[in-house]
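Everything below concerns the one structure shown next.
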Amino acid sequence: MHQVMSLSETITDRVRQVVGTEKVALHEPSFKGNEWAYVKECIDTGWVSSVGSYVDRFEHDLAEVTGAKHAVVVSNGTSGLQVALQLAGVGRDDEVIIPALSFVATANAVKHCGAQPHFADTDAATLGLSVPALADYFAAVIERRGGVSHNKHTGQRIAAIVPMHTFGHPVDMPALMELAGRHGIAVVEDAAESLGSLIEGRHTGTFGLCAMLSFNGNKIVTTGGGGAIITDDPQLAKRAKHLTTTAKQPHKWAFFHDEVAYNFRMPNLNAALGCAQLEQLDGFLKAKRELALRYAKAFSDVTHASLFMERPGTHANYWLQTLILDASVADQRDAVLTRTNAAGLMTRPVWELLTHLPMYRDCPSMEVPVAQDLARRIVNLPSSPQLVQDPA
Ligand SMILES: *Cc1c(COP(=O)(O)O)cnc(C)c1O
């Protein structure tokens with residue numbers, strides 16, 4: 001008698017149809033452009049460290065690609081977000097709204113400013129911050145004092161909102177900007193995962209006051225490790241550069257530093273790698289978007305699991321491909337993870353909710369039923385751009 005395939009067998013089979021028979025990683029960088037030439041040039045010329053032409057060029061190229069007026073590159077995304085929050089005026093004892101469903105760095109950056117994360121729920125349609133849920137919550141929890149929004153339960157100022165564009169799928173930024181504006185709260189975007197993702201043609205990270213990008217080894221474009229702050233505000237950009245480069249006043253030889261600041265510089269070596277990677281962004285995007293279509297097709301007749309696709313009006317970079325299991329089969333997620341990984345297909349669950357981590361368990365939070373539900377049902381699939389050799 002023919003045995004019916006289990007869900008985990010079916011999913012393993014469909015992933016194999018798309019990625020072939022080899023062992024595959026979740027996300028591997030692809031170095032097929034000028035990486036070697038640019039990095040070699042740094043070594044040949046001795047310009048490997050904290051100044052050099054590739055730092056300037058990478059900042060210029062990032063501004064061009066995102067449409068932001070300014071980009072300041074930094075040592076990693078987490079430090080970039082910390083500084084971006086400081087630029088927005090976030091300080092000790094402020095609260096910052098962040099999604100409960102995010103990578104731990106979003107919350108850590110808030111804490112590094114001396115502020116407190118305040119968790120918000122997720123929108124199942126975007127996988128990002130739910131603007132309708134936040135609007136209702138604000139109506140109940142915000143108290144305006146002297147024109148400033150405070151959490152009426154803790155008495156603390158709500159200084160910023162940090163939307164995070166999960167796996168490259170954009171948050172509904174126009175609606176969020178309207179809500180934030182109404183409450184006089186700054187918006188700083190965690191665009192770590194969304195280089196190349198657009199909303200009505202406009203790049204994620206250019207809606208808020210400023211944004212952070214990450215170039216960690218697993219991101220769509222990598223510098224080995226690194227990040228950037230992007231903004232349209234020239235004063236903020238200047239201040240970002242100052243704060244991330246030890247607050248040294250420019251001078252031919254004198255060492256005069258005018259405030260306590262950071263060494264969050266991106267070395268020229270890393271920027272060189274970034275310049276070469278950024279030249280290939282269009283190809284990476286094409287490959288990832290094609291991979292999404294191939295997965296979507298492979299899963300189209302699978303009941304109880306479907307690929308998460310971009311919302312109308314948005315253009316996602318599909319950084320990590322996202323399979324969502326139906327609620328009725330959420331209890332099979334671990335079997336899916338076990339079987340796919342045993343078969344050499346690297347898959348991963350989404351992050352544990354930040355509200356469940358020991359250091360963030362006691363932070364203020366709204367009810368997060370959607371985040372809680374989604375966290376049980378997401379499986380990220382192999383997503384490297386090189387899995388598509390012949391993007392359409
Ligand atoms: C990658 C990432 C960051 C920053 O990571 P770094 O490794 O510090 O560059 C922050 N937030 C999210 C959501 C990320 O995915």
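Because only heavy atoms are used, hydrogens play no part in the values below, and waters and symmetry mates are left out as well, while side chains stay in. Ligands are counted one by one from 1 in listed order, and the atoms in each one are counted from 1 as well.
When each of Asp136, Asp123, Val368 is paired with Ser130, the side chain to side chain contact (heavy atoms under 4.5 Å, CB included) condition holds for Asp123 and for no other.
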Nitrogen or oxygen contacts under 3.5 Å, ligand 1 side and protein side:
| residue | atom | partner | partner atom | Å |
| --- | --- | --- | --- | --- |
| ligand 1 | 8 (O) | Gly77 | N | 3.3 |
| ligand 1 | 8 (O) | Thr78 | N | 2.9 |
| ligand 1 | 8 (O) | Thr78 | OG1 | 2.5 |
| ligand 1 | 9 (O) | Gly77 | N | 2.8 |
| ligand 1 | 9 (O) | Ser214 | OG | 2.7 |
| ligand 1 | 11 (N) | Asp190 | OD1 | 3.4 |
| ligand 1 | 11 (N) | Asp190 | OD2 | 2.9 |
| ligand 1 | 15 (O) | Glu193 | OE2 | 2.5 |
| ligand 1 | 15 (O) | Lys219 | NZ | 3.2 |

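Within the structure, every pair that satisfies the ring-ring contact (aromatic ring centres under 6.0 Å, His included) test and touches residues 202-247, not counting sequence neighbours, is listed here: Phe58-Phe215. Evaluation of the salt bridge (charged side-chain N to carboxylate O under 4.0 Å, His left out) test over residues 156-178, restricted to residues two or more places apart or in two chains, returns Asp94-Arg157, Glu178-Arg182. The salt bridge (charged side-chain N to carboxylate O under 4.0 Å, His left out) analysis of residues 342-371, with sequence neighbours excluded, yields no pairs.
Salt-bridge annotation for Glu259 and Arg239: present, with a side-chain N of the basic residue lying under 4.0 Å from a carboxylate O of the acidic one.
Using a 3.5 Å distance cut-off with no hydrogens or angles, the side chains of Thr154 and Glu95 do pair a donor with an acceptor.
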